[in-house]
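Structure, as structure tokens:
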Amino acid sequence: MHLLHRKQKEKRAASSLKEPGRTFVVVTTAALPWRTGTSINPMLRAAQLSAEPSRSVLLMVPWVSAEQQPLIYPEGLTFSSHAEQAEYILQEARKRTGLPCNFSVKFYAGKYYSSFGSIFPVEDIVKLVPREARDVAILEEPEHLCWFQHSSRWSRAFKHVVGILHTNYLAYIRSDAPSGTGFLNTAAVYRVNRWVCRIHCHKNVKLSDAVQSLPHQVTCNVHGVAAAFLDIGRAKAAKPPPGQHRFTKGAYFIGKAVWGKGYRELINMGAEYNQVRADPLVLDVIGSGEDLAAIQAAAGQKGLDWRWLGAKDHAEPAMHDYQVFLNPSTSDVVATTTAEALAMGKWAVVPDIACNAFFKQFRNCLLYSDAGGFVSAVDKALLNEPAPMSDEELNKLSWAAATQRLLEVGSMAEGDWPSAAETRYTAALWRMYRSIVGFTALREALGMTSPNDTDEPALDSEDLDEENEEDYEQQQQQQQQAHAAAEAAAGAKRARDNSEAARAARAAAAQKELEEAKQLAGDEADSWDEDFQYRDL
């Protein structure tokens, strides 16, 4: 049936994420023991969501091959089975939260690309979720998850889909970090991010306004810090014995030793400080990574005699006594390390930019807007003890409070659902996009083909009404079986050529449908123009 001649569906009712008994599927782009924000924060989110007994929670993470695990996991720590790594993740979650962590862990096939420093899915994750569990999907980094998604549409498969934007990819591309991604065009990625977030998500939650403009967006920090940091903050709030201080060390910076984590800004600000103060800035730098040698060399050229202490866990005892955390990074969305430092009762000296807006409410956050402000803030922090953290401040940094914020801002009121006109437009956009990223030659060149062909759509599900989706899945299975038989008969090349021709035709048709949908929408279509424009943010 032609897209623009479908019957308009009835208006959708409100959907509250606070409603008891809902099923949550949390999908992310990394898994422990890779210690990165997109492995840790979604795990902690799943743990907190599962603390409500009426909820069912599934955490979906990538499984990478035995050959690739040593590239991203700590030395000597690899897994031979899904069950083994799932148990590791659950143990880490219980240790970090003190909660029962009654959530399940399921894996999808992923592949690590060193040029991007990221894992991408190489199969259709939607098809791994049973139909009865397709209620609420929380897509951690929806743009990252869906850049190459061309088989299933999340917002069609699930009743309610919320995307959570973790990363300022435009800043990474501009600074060519991680190395090898400089060929990506910032304007193109800006558009593509808008397309996939519109196509797959009913609501997009930006942790801060450091993230680009997106359809159906709301800005709210829905991340918390692990309970261990809050416990440290409570302990540091206690009055010390007479003659002693709550903190005995000075300033530090912690972060993976790659340029994109703020090291350029740190070195520049350190040099500015030394130019105007007789006593140079004494700083301990904690972190390891592929750019460490280059970072140390750049610091040396600026005359910065800092101590380089290697990688440490931010919560380990050696970190408790530092009084001042410096984080001059301008590429963060919301820095987990800043939140952790504040939770431990330290001063946090950060630039007054969008990524730090959430931290303005805390007494121990010192903001600066230029080099002079940085110098003044550092002096104040080094000469004065921070205020003890109050229970109210600690609660705002907790995962319990962060989860409540997510349940509130992620819910859909009756008027939040897309109009019939926008639904037509989005479906046409999906048809166009899936036709582009579904080209077999492109996917093979990028190594994005699925190990079991689950990423290959047999027909366009957007041509079907929702009540016919079960028939659609049966047709898919039948066509996949027929396709396998054709391959066995050495007809794979001809079938692929025919498929590519069909995709090209669908892409052209979808572009025409996009224009028709915009014409039928009238003035409402003006709000969609940014999908095909780029504002240099």
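The first residue of the sequence shown is numbered 1, and numbering continues consecutively from there.
For the atom pair CZ of Arg194 and CG of Leu429, the computed distance is 10.5 Å after rounding to the nearest 0.5 Å. Leu58 contributes atom CG, which lies 10.0 Å from atom CZ of Phe103 (distance to the nearest 0.5 angstrom). Rounded to the nearest 0.5 angstrom, Ile40 CD1 and Ile89 CD1 are separated by 11.5 Å. One distance of note links NZ of Lys256 with CG of Leu292; it measures 12.0 Å at 0.5 Å rounding. One finds the CZ atom of Arg55 at 5.5 Å from the CG atom of Leu49 (value rounded to the nearest 0.5 Å). Rounded to the nearest 0.5 angstrom, His160 NE2 and Thr23 OG1 are separated by 13.5 Å.
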Inset, instruction - Apply ring-ring contact (aromatic ring centres under 6.0 Å, His included) to His166 and His144, showing your working. - result: CA-CA 10 Å; His166 292 233; His144 182 152; 10.0 Å; no
Inset, instruction - Determine, stepwise, if the pair Ser151 / Lys127 fulfils side-chain hydrogen bond (donor to acceptor under 3.5 Å, both in side chains). - result: CA-CA 9 Å; Ser151 182; Lys127 293 176 183 175; 3.0 Å; yes
Legend entry - side chain to side chain contact (heavy atoms under 4.5 Å, CB included) between Lys203 and Trp417, intermediate numbers included: CA-CA 9 Å; Lys203 186 166 284 189; Trp417 299 107; over 6 Å; no
Legend entry - Worked check of side chain to side chain contact (heavy atoms under 4.5 Å, CB included) between Leu128 and Met60: CA-CA 10 Å; Leu128 301 177; Met60 299 193 72; 4.0 Å; yes
Inset, instruction - Decide side-chain hydrogen bond (donor to acceptor under 3.5 Å, both in side chains) for Ser80 and Glu84; before the verdict, give the C-alpha distance in whole Å, the side-chain angles of both, and the deciding distance to 0.1 Å. - result: CA-CA 7 Å; Ser80 58; Glu84 185 183 3; 3.1 Å; yes
Inset, instruction - Begin with the C-alpha distance, continue with both residues' side-chain angles, and end with the deciding distance and a verdict on ring-ring contact (aromatic ring centres under 6.0 Å, His included) for Tyr169 and Trp147. - result: CA-CA 12 Å; Tyr169 282 107; Trp147 275 329; 5.0 Å; yes
Inset, instruction - Start with the C-alpha gap between Ser331 and Asn168, add the side-chain angles, then the distance that decides, and say whether side-chain hydrogen bond (donor to acceptor under 3.5 Å, both in side chains) holds. - result: CA-CA 6 Å; Ser331 62; Asn168 186 351; over 6 Å; no
Inset, instruction - Walk me through it: do Leu406 and Ile164 pass the test side chain to side chain contact (heavy atoms under 4.5 Å, CB included)? - result: CA-CA 9 Å; Leu406 172 62; Ile164 300 179; 4.1 Å; yes
Legend entry - Glu140/Arg45 under salt bridge (charged side-chain N to carboxylate O under 4.0 Å, His left out): CA gap, chis, key distance, verdict: CA-CA 10 Å; Glu140 313 274 356; Arg45 193 183 324 283; 2.6 Å; yes
Inset, instruction - Test Leu207 against Val222 for side chain to side chain contact (heavy atoms under 4.5 Å, CB included), laying out the working first. - result: CA-CA 7 Å; Leu207 299 180; Val222 294; 3.7 Å; yes
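Using modelled atom types, no side-chain atom of Thr426 and backbone atom of Thr423 make a donor-acceptor pair closer than 3.5 Å. Between the side chain of Asn356 and the backbone N or O of Val334 there is no donor-acceptor pair closer than 3.5 Å. The closest donor-acceptor contact from the side chain of Thr28 to the backbone of Pro42 lies at 3.5 Å or more, if one exists at all. Listed for the Ser118 side chain is a donor-acceptor partner under 3.5 Å among the backbone atoms of Phe116. The closest donor-acceptor contact from the side chain of Glu123 to the backbone of Ala109 lies under 3.5 Å. Under a 3.5 Å cut-off, the side chain of Arg134 and the backbone N or O of Phe158 do not form any donor-acceptor pair. Of the possible polar contacts, none joining the Ser114 side chain to the Gly117 backbone as a donor-acceptor pair under 3.5 Å is found.
Looking at Val64 and Trp34, their side chains never come closer than 4.5 Å, going by heavy atoms from C-beta outward. With contacts defined as side-chain heavy-atom distances shorter than 4.5 Å, the pair Thr330/Ile353 qualifies. Annotation: side chain of Met43 is in contact with side chain of Glu92 (closest heavy-atom distance under 4.5 Å). Val225 places none of its side-chain heavy atoms less than 4.5 Å from the side chain of Trp399. Side-chain contact check for Val105 versus Leu90: some heavy-atom pair is nearer than 4.5 Å. The shortest distance between side-chain heavy atoms of Phe79 and Pro33 falls below 4.5 Å. Counting only heavy atoms from C-beta outward, the side chains of Val27 and Val25 approach each other to under 4.5 Å. For the pair Leu165 and Pro142, the minimum side-chain heavy-atom distance is below 4.5 Å.
A donor-acceptor contact under 3.5 angstrom links the side chains of Glu141 and Thr29, judged on distance only. With hydrogens and angles left out, the side-chain atoms of Ser15 and Arg22 include a donor and acceptor closer than 3.5 Å. Side chains of Gln85 and Ser81: no donor on one and acceptor on the other come within 3.5 Å. Side chains of His200 and Gln149: no donor on one and acceptor on the other come within 3.5 Å.
Summarising the geometry of Ala31 relative to Val61, their closest heavy-atom pair is CB-CB, 3.7 Å, with the distance given to 0.1 Å. Ser39 and Thr36 get closest at one heavy-atom pair: OG-O, 2.8 Å. What you find for His150 and Val437 is that their closest heavy atoms are CB-CG2, 3.5 Å. The minimum heavy-atom distance between Val333 and Ser208, with the atom names listed, is O-OG, 2.6 Å. The minimum heavy-atom distance between Val126 and Asp124, with the atom names listed, is N-OD1, 3.1 Å. Ala210 approaches Cys355 most closely through the heavy-atom pair CB-CB, 4.1 Å.
Of the candidates Val57, Val162, Val161, Ile138 forms a side chain to side chain contact (heavy atoms under 4.5 Å, CB included) with just one, namely Val162. Remark: of the listed residues Tyr108, Tyr113, Tyr112, Tyr113 is the sole one forming a ring pair (Phe, Tyr, Trp, His ring centres under 6.0 Å) with Phe120.
Note on ring orientation: taking the six-membered ring where Trp is involved, the planes of Phe107 and His82 are tilted (angle from 30° to 60°).
Heavy-atom neighbours of Lys206 NZ from other residues, nucleotides or ligands within 6.0 Å: above the threshold of 12.
Using a 4.0 Å cut-off between a side-chain N of Lys or Arg and a carboxylate O of Asp or Glu, Lys18 and Glu408 qualify as a salt bridge.
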